[in-house]
Chemist: 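Got a structure for you, questions after.
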Amino acid sequence: VSVTGTNKSGKVTFASFISHKQSHGVPIISPAHRIGAMGYTTRIFSQRIGASFSPKIQGDFWLRFADNEMTFIGEASNSYLLMPNAHFTFALKDNFTLHTKLGYTEWFAETSSEHNRLLRPEIWGVMKVNDKHHLTFGVDYAQHTFTRSKVLEESQGNTGIFVQDNFLLSDKITIDGAIRVDLPDN
């Protein structure tokens with residue numbers, strides 16, 4: 001099921017998607033211990049809302065969630081994926097836009113006891129030098145935490161700094177130059 005729409009003022013847009021799939025497994029001939037013993041159920045939910053708070057401030061919010069249950073020889077094993085995000089755009093001047101984004105991802109699989117979490121805040125600016133020249137620069141951070149059966153929790157952070165220069169030479173030719181520096185926490 002998928003639904004999209006816009007409110008009467010045109011300041012809010014939304015999209016929603018819901019899915020449910022179920023299978024008792026594909027017919028297999030071998031190995032013998034798997035015959036008739038595999039199946040799954042998957043549910044997916046995705047919601048996105050865009051909002052114009054003012055002519056200079058825009059917001060975009062989305063949530064994705066997937067839940068999976070796999071059955072193998074009568075035993076159920078669950079996993080899920082969760083991804084909420086928020087992005088704001090601020091038109092501070094006619095030639096400068098500031099962007100902020102906060103993203104989070106979490107994934108868990110019961111079979112391997114694997115659990116991943118990723119937090120990623122970002123901030124970047126786009127300066128319009130002229131109609132054919134844009135400069136983008138910013139910083140982002142990623143904090144990744146990981147556990148698995150027989151593996152203690154591990155965590156790694158990374159700060160990234162970047163600059164990108166974009167020149168439009170003609171309708172068919174664009175020159176991009178970019179540099180990025182990543183600084184791991186440990």
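Heads up: numbering here begins at 1 and tracks the sequence. Please read all numbers here as calculations on a predicted model, not as lab measurements. For the numbers below, each heavy atom of this structure counts, side chains included, while hydrogens, waters and symmetry mates do not.
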Chemist: Please tell me whether I161 and Y141 are part of a single hydrophobic cluster in this structure, the criterion being side-chain heavy atoms less than 4.5 Å apart.
Modeler: no
Chemist: Assigning hydrophobic clusters by single linkage (Ile, Leu, Val, Met, Phe, Trp, Tyr; side-chain heavy-atom cutoff under 4.5 Å), is L168 placed with V129?
Modeler: no
Chemist: My understanding is that only residues two or more places apart in sequence, or in another chain, count here; which of them pass ring pair (Phe, Tyr, Trp, His ring centres under 6.0 Å) with H144?
Modeler: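 Not a single residue meets the ring pair (Phe, Tyr, Trp, His ring centres under 6.0 Å) criterion with H144.
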Chemist: Please test D165 against H133 for side-chain contact (heavy atoms from CB on, under 4.5 Å), starting from the C-alpha separation and ending with a verdict.
Modeler: CA-CA 8 Å; D165 211 351; H133 183 199; 2.6 Å; yes
Chemist: In this structure, would V163 and V181 fall into the same cluster of hydrophobic residues linked by side-chain contacts under 4.5 Å?
Modeler: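 Yes, one cluster joins them.
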Chemist: Start with the C-alpha distance between M83 and W107, add both sets of side-chain angles, then the distance that settles side-chain contact (heavy atoms from CB on, under 4.5 Å), and finish with yes or no.
Modeler: CA-CA 9 Å; M83 298 173 61; W107 180 74; over 6 Å; no
Chemist: Taking atom types as modelled, is there a side-chain donor on Q47 or S16 under 3.5 Å from an acceptor on the other?
Modeler: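 Checked: Q47/S16 side chains pair up, N/O donor to acceptor below 3.5 Å.
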Chemist: Does the side chain of I49 reach to within under 4.5 Å of the side chain of V12, using non-hydrogen atoms?
Modeler: yes
Chemist: So R117 and Y104, do their side chains get closer than 4.5 Å, heavy atoms only?
Modeler: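 The answer is yes, as the side chains (C-beta and beyond) meet within the 4.5 Å cut-off.
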Chemist: Let me confirm one number: the CD-CZ distance from Q164 to R180, rounded to the nearest 0.5 Å.
Modeler: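 Reported value, rounded in 0.5 Å steps: 11.5 Å.
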Chemist: Out of curiosity, T136 OG1 to N166 CG, how far, rounded to the nearest 0.5 Å?
Modeler: 7.0 Å
Chemist: Other residues, nucleotides and ligands only: do more than 12 of their heavy atoms fall within 6.0 Å of CG on D131?
Modeler: no
Chemist: If every non-hydrogen atom of D182 is compared with every non-hydrogen atom of G160, which pair is closest and at what distance?
Modeler: OD1-CA, 3.5 Å
Chemist: What's the spacing between M70 CE and E110 CD if we round to 0.5 Å?
Modeler: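 It is 12.5 Å, given to the nearest 0.5 Å.
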Chemist: Taking all non-hydrogen atoms of both residues, which atom of R148 and which atom of S112 are closest, and how far apart?
Modeler: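 Minimum heavy-atom separation between R148 and S112: CG-O, 3.4 Å.
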Chemist: Within the structure provided, determine whether F17 and R48 are in side-chain contact (heavy-atom separation under 4.5 Å).
Modeler: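 No - every pair of side-chain heavy atoms lies 4.5 Å or more apart.
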Chemist: Which heavy atom in G103 sits nearest to a heavy atom in N85, and how many Å separate them?
Modeler: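 Closest approach of G103 to N85: CA-OD1, 2.9 Å.
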Chemist: Less than 6.0 angstrom separating the ring centers of F61 and F14, yes or no?
Modeler: no
Chemist: Between atom CG of D67 and atom OG of S79, what is the distance when rounded to the nearest 0.5 Å?
Modeler: 7.0 Å
Chemist: Where do R64 and L81 land on the side-chain contact (heavy atoms from CB on, under 4.5 Å) test, with the steps shown first?
Modeler: CA-CA 8 Å; R64 293 177 186 94; L81 174 67; over 6 Å; no
Chemist: Passes side-chain hydrogen bond (donor to acceptor under 3.5 Å, both in side chains), N116 versus E114? Steps please.
Modeler: CA-CA 7 Å; N116 284 284; E114 190 169 335; 3.1 Å; yes
Chemist: If I take atom CZ from residue F108 and atom CG from residue L82, how far apart are they, to the nearest 0.5 angstrom?
Modeler: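 Interatomic distance, F108 CZ to L82 CG, rounded to 0.5 Å: 13.5 Å.
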Chemist: Going through the distances and angles, do V139 and T159 end up as a side-chain contact (heavy atoms from CB on, under 4.5 Å)?
Modeler: CA-CA 7 Å; V139 63; T159 302; 3.9 Å; yes
Chemist: Taking atom types as modelled and ignoring hydrogens, do the side chains of S155 and Q143 form a donor-acceptor contact shorter than 3.5 angstrom?
Modeler: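 Yes, a side-chain donor-acceptor pair sits under 3.5 Å.
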Chemist: State whether the number of non-hydrogen atoms from other residues, nucleotides or ligands found under 6.0 Å of N130 atom CG is greater than 12.
Modeler: yes
Chemist: Is it true that, when you exclude L183 itself, more than 12 heavy atoms of the residues, nucleotides or ligands shown sit nearer than 6.0 Å to its CG?
Modeler: yes
Chemist: Over 60° means perpendicular and under 30° means parallel, so tell me whether F137 and F96 are parallel, tilted or perpendicular.
Modeler: parallel
Chemist: Give a yes-or-no answer on whether the side chains of E106 and H115 include a donor-acceptor pair shorter than 3.5 Å.
Modeler: yes
Chemist: Do Q58 and D60 have side-chain N/O donor and acceptor atoms under 3.5 Å apart?
Modeler: no
Chemist: Does M127 share a hydrophobic cluster with I179, counting links as ILVMFWY side-chain heavy atoms below 4.5 Å and allowing steps through other members?
Modeler: yes
Chemist: Would you give the length of the straight line joining atom CG of N95 to atom NE2 of H134, rounded to the nearest 0.5 angstrom?
Modeler: 9.5 Å
Chemist: Does atom CG (L169) have a neighbourhood of more than 12 heavy atoms from anything else shown, all under 6.0 Å?
Modeler: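 More than 12 heavy atoms, drawn from other residues, nucleotides or ligands, come within 6.0 Å of this atom.
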Chemist: Check for me, please, whether L102 and L98 land in the same ILVMFWY cluster - side-chain distances under 4.5 Å, paths through other members count.
Modeler: no
